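For reference, the structure I am asking about is given below.
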Amino acid sequence: MADKQHILDSIAAIARGVGRAPSLCEFVSLTGISKYRVLECFPSWNDAVRTAGLEPYRLYARLTDDELLEDWGEVVRKNRAIPSRLAYLVMGKHDFRTLEKRFGGWSSLPRAFRNFAKDNPEWADVVALLPARVIKQDHGSNNDSASPILPKKTRHAPLKDRPTYGGPTRFRGLRHEPVNEQGVVLLFGMLAKELGYVIEAVQTGFPDCEAKRQVGPERWQRVLLEFEYESRNFREHGHPASGCDVIVCWRHNWDECPEHIEVVELSSVIKSLC
């Protein structure tokens with residue numbers, strides 16, 4: 001009959017083999033020592049594991065929302081796009097059904113991740129890969145948004161010979177939102193490092209920018225970027241889809257954008273950083 005020390009030695013031996021403390025079921029299966037004998041020697045299985053100098057294996061521990069969203073975000077980062085359920089099953093650490101149950105369906109994950117990443121600048125590159133949020137304007141409320149859309153009757157006629165500005169913003173040194181492509185170029189320059197890009201060259205011809213971004217440990221890759229105020233301007237300007245990897249814009253409004261072209265919507269990025 002196994003004594004106390006033999007049980008402890010067996011726990012330690014199994015742990016060395018599997019890289020963690022075994023569960024009680026695993027221990028019984030691998031050693032042939034009954035759980036009743038274990039409980040004759042120790043108050044509980046966890047007490048036996050701790051006596052062996054190990055931490056109990058939490059097989060059924062509930063994962064936190066942050067742990068689930070962090071893993072989903074890492075998969076988006078690696079995939080450079082929102083993964084399908086099958087892609088997440090291959091690349092992620094958890095069962096996609098766990099995320100669906102926790103956050104209300106696969107399509108709800110981008111919204112949940114935006115809320116999670118709001119005060120975490122290290123996720124800005126992932127937020128930039130998510131689809132643009134549709135923000136409903138409530139004309140009857142007193143919401144003090146940064147750039148409200150006024151009812152037609154309360155809009156003021158613009159004065160002649162004076163410049164106009166974008167909506168007010170409190171983002172770093174930028175007092176107003178971009179209103180043209182030049183504003184997008186400036187804002188991207190402010191954010192490039194946080195988005196994981198190193199700018200190599202900028203030109204007036206297509207594509208606007210050559211950059212590199214990290215794709216793995218000590219590995220970087222060249223990418224071609226085109227700056228646009230709105231993503232659909234890319235089509236209106238007649239640019240070839242084959243000559244660009246990433247569209248950097250203020251507003252993403254091109255539903256028919258080719259799947260192989262990524263879109264970085266800066267209006268969403270700065271909201272995650274404010």
Side-chain angles (χ1 to χ4, degrees), residues 70 73-74 76-78 80-82 110-111 113-135 144-149 163-216 219-234 236-237 239 243-254 257 261-274:
E70 283 176 3
E74 288 293 351
V76 173
R77 180 177 280 153
K78 294 174 186 175
R80 304 302 301 175
I82 295 175
R111 182 182 69 251
F113 187 85
R114 283 183 189 279
N115 292 333
F116 159 74
K118 184 177 181 181
D119 299 317
N120 292 276
E122 63 270 25
W123 294 108
D125 61 315
V126 176
V127 171
L129 296 170
L130 305 182
R133 289 181 295 184
V134 178
I135 302 176
D144 295 329
S145 61
S147 181
I149 297 177
T164 58
Y165 303 88
T169 181
R170 299 176 181 177
F171 185 71
R172 300 177 184 174
L174 198 66
R175 294 292 301 275
H176 294 274
E177 298 172 351
V179 295
N180 50 41
E181 185 176 314
Q182 286 72 30
V184 171
V185 175
L186 172 65
L187 184 54
F188 180 75
M190 296 169 62
L191 294 168
K193 184 177 179 180
E194 289 170 88
L195 294 176
Y197 289 86
V198 173
I199 298 172
E200 295 285 339
V202 178
Q203 61 183 15
T204 56
F206 176 83
D208 292 324
C209 177
E210 178 183 334
K212 289 188 175 74
R213 65 188 180 190
Q214 192 167 10
V215 295
R219 292 293 183 272
W220 292 71
Q221 194 171 54
R222 175 175 172 266
V223 287
L224 301 176
L225 288 68
E226 180 67 13
F227 299 115
E228 301 286 1
Y229 176 64
E230 295 182 332
S231 57
R232 66 183 178 189
N233 295 149
F234 185 95
E236 294 168 358
H237 293 163
H239 296 313
C244 176
D245 302 305
V246 183
I247 296 174
V248 180
C249 62
W250 174 247
R251 183 180 298 114
H252 182 25
N253 57 359
W254 188 16
C257 180
I261 298 180
E262 297 174 23
V263 177
V264 176
E265 186 189 49
L266 297 182
S267 60
S268 296
V269 173
I270 68 170
K271 286 175 183 176
S272 73
L273 297 175
C274 290

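In this text the structure is predicted, and so the values were computed from the model without any measurement.
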key: Considering all heavy atoms, the nearest Trp123-Ala117 contact   =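 It is CB-CB, 3.7 Å.
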
request  = Specify the closest pair of heavy atoms between Glu194 and Ala124, including all atoms of both residues, with the distance to one decimal.
outcome  =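 Heavy atoms of Glu194 and Ala124 come nearest at O-CB, 4.4 Å.
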
query = If you take all heavy atoms of Ala128 and Leu195, which pair is closest and at what distance?
reply =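 Distance-wise, the nearest heavy atoms are CB-CD2, 4.2 Å.
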
Closest non-hydrogen atom pair, Thr169 against Glu177 =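 Heavy-atom minimum between the residues: CG2-N, 3.8 Å.
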
query = Who pairs with Asn253 by side-chain hydrogen bond (donor to acceptor under 3.5 Å, both in side chains), at least two apart in sequence or on another chain?
reply =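 Result, side-chain hydrogen bond (donor to acceptor under 3.5 Å, both in side chains) vs Asn253: Glu230, Ser231.
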
ask   = When you measure from the side chain of Glu265 to the backbone N and O of Arg251, does any donor-acceptor pair fall under 3.5 Å?
value =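 Pair absent, no side-chain N/O of Glu265 close to backbone of Arg251.
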
request  = Starting at CG of Asp208, measure out to CG of Leu224 and round the result to the nearest 0.5 Å.
outcome  =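 Going from CG on Asp208 over to CG on Leu224, the span is 10.5 Å.
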
task = Supply the atom-to-atom distance Ile247 CD1 to Glu262 CD, rounded to the nearest 0.5 angstrom.
result =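 Those atoms lie 10.5 Å apart.
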
request  = Might you work through the side-chain contact (heavy atoms from CB on, under 4.5 Å) test for Val184 and Leu266, ending with a clear yes or no?
outcome  = CA-CA 8 Å; Val184 171; Leu266 297 182; 4.0 Å; yes

inquiry  = I need the Trp254 CH2 to Glu236 CD distance, nearest 0.5 Å.
reply    =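 Atom-to-atom, Trp254:CH2 and Glu236:CD are 9.5 Å apart.
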
message = Nearest 0.5 Å, please: how far is CG in Leu187 from SG in Cys249?
response =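 Rounded to the nearest 0.5 Å, the SG-CG separation comes out at 11.0 Å.
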
task = Please name the pair of heavy atoms, one in Pro178 and one in Tyr229, separated by the smallest distance, quoted to 0.1 Å.
result =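 Scanning both residues, the minimum pair turns out to be O-CE1, 3.3 Å.
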
query = Any salt bridge between Lys193 and Glu122, counting N to O under 4.0 Å?
reply =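 No, this pair does not count.
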
Contacts of type side-chain contact (heavy atoms from CB on, under 4.5 Å), residue His237, not counting sequence neighbours =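 His237: side-chain contact (heavy atoms from CB on, under 4.5 Å) contacts with Glu181, Glu228, Asn233, His239.
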
ask   = After noting the C-alpha distance and the side-chain angles of Leu129 and Ile82, does the key distance pass the side-chain contact (heavy atoms from CB on, under 4.5 Å) rule?
value = CA-CA 8 Å; Leu129 296 170; Ile82 295 175; over 6 Å; no

key: Set of side-chain contact (heavy atoms from CB on, under 4.5 Å) partners for Glu200, sequence neighbours left out   =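 Glu200 satisfies side-chain contact (heavy atoms from CB on, under 4.5 Å) with Val198, Glu210, Lys212 once adjacent residues are dropped.
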
task = Could you check Leu191 against Phe171 for side-chain contact (heavy atoms from CB on, under 4.5 Å), going step by step and ending with a plain yes or no?
result = CA-CA 11 Å; Leu191 294 168; Phe171 185 71; 3.5 Å; yes

message = Using the ring-ring contact (aromatic ring centres under 6.0 Å, His included) criterion, which residues pair with Phe188? Sequence neighbours excluded.
response =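 ring-ring contact (aromatic ring centres under 6.0 Å, His included) check on Phe188 returns Tyr197, Phe227.
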
request  = Over all heavy atoms of both residues, which pair between Tyr165 and Val179 is shortest? Give the atoms and the distance, please.
outcome  =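 For Tyr165 and Val179, the tightest heavy-atom pair comes out as C-CG1, 3.9 Å.
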
task = Could you check Cys257 against Val263 for side-chain contact (heavy atoms from CB on, under 4.5 Å), going step by step and ending with a plain yes or no?
result = CA-CA 9 Å; Cys257 180; Val263 177; 3.8 Å; yes

message = So does Gln182 get a backbone contact from the side chain of Asn180, meaning a donor-acceptor N/O pair under 3.5 Å?
response =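 Judged by distance alone, yes, a pair lies under 3.5 Å.
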
request  = List for me each residue that meets side-chain hydrogen bond (donor to acceptor under 3.5 Å, both in side chains) alongside Asp245, sequence neighbours excluded, and say none if there are none.
outcome  =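 Partners of Asp245 by the side-chain hydrogen bond (donor to acceptor under 3.5 Å, both in side chains) criterion come out as none, since no residue qualifies.
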
key: Gap between atom CD of Glu74 and atom CD of Glu70 - 0.5 Å precision   =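 Answer rounded to 0.5 Å: 8.0 Å.
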
ask   = Residues two or more places apart in sequence or in another chain: which of them pass side-chain contact (heavy atoms from CB on, under 4.5 Å) with Val202?
value =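 Residues passing side-chain contact (heavy atoms from CB on, under 4.5 Å) with Val202: Ile199, Cys209.
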
